Amino acid sequence: MTSDFSNFSDKEILSDALNTEKATTANYNAFSNECVHQSVRHTILHCLEQEHDIQQDLFEIMHTRGYYPTPAADEKKIRDAIQTFSSTASCSCK
């Protein structure tokens with residue numbers, strides 16, 4: 001069976017790929033949270049990291065081509081977000 005992508009624009013193909021990666025990372029994340037065996041969990045987390053890299057690459061391609069525009073962020077909002085997430089990330093919850 002051959003696929004004919006000529007009916008789809010680059011934007012549609014990239015958008016579909018990005019949405020697929022978002023769903024894939026959500027699934028790998030859920031799987032990793034439910035692993036009993038550490039070696040399997042480690043493997044899934046490695047796959048999750050790779051999928052995040054692919055997702056980032058797709059986002060950057062779409063953003064560069066203007067298919068995924070993002071508004072400029074206000075400097076105060078950036079500082080507030082960094083402060084909020086920095087304090088969350090430094091939580092010693094173990």
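All values reported here derive from a predicted model rather than from experimental measurement. Each residue takes its place number in the sequence, starting with 1.
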Could you tell me whether Y68 atom OH has more than 12 heavy atoms of other residues or ligands within 6.0 Å of it?
no
Apply the test side-chain contact (heavy atoms from CB on, under 4.5 Å) to residues F85 and D80: give CA-CA distance (whole Å), side-chain angles for both, the deciding distance (0.1 Å), then the verdict.
CA-CA 9 Å; F85 290 107; D80 291 347; over 6 Å; no
Value for CD (Q55) from CG (N19), rounded to nearest 0.5 Å, stands at 9.5 Å
- Message: Does R65 form a side-chain contact (heavy atoms from CB on, under 4.5 Å) with L14? I'd like the steps, not just the answer.
- Response: CA-CA 11 Å; R65 294 183 181 185; L14 289 166; 3.7 Å; yes
d(H52 NE2, N29 CG) to nearest 0.5 Å is 6.5 Å
Review point. Are any side-chain N or O atoms of R41 and backbone N or O atoms of S32, one a donor and one an acceptor, separated by less than 3.5 Å?
Key: yes
Rounded to the nearest 0.5 Å, the CD atom of Q50 sits from the OG1 atom of T24 at a distance of 12.5 Å
Output for pair (H63 NE2, I61 CD1), nearest 0.5 Å, gives 13.0 Å
| said: Taking the side chain as everything from C-beta on, heavy atoms only, tell me whether I78 gets closer than 4.5 Å to D74. | reply: no
_Does K22 have more than 12 heavy atoms from other residues, nucleotides or ligands lying within 6.0 Å of its NZ?_
yes
Interatomic distance, CG@D53 vs CG@L58, rounded to 0.5 Å, equals 11.0 Å
One should read off an interatomic distance between I54 CD1 and L18 CG, to the nearest 0.5 angstrom, of 11.5 Å
Below 30° counts as parallel, above 60° as perpendicular, anything between as tilted: where do the rings of F31 and Y28 land? perpendicular
Worked verdict on T43 versus H46 for side-chain contact (heavy atoms from CB on, under 4.5 Å): CA-CA 5 Å; T43 300; H46 179 71; 5.6 Å; no
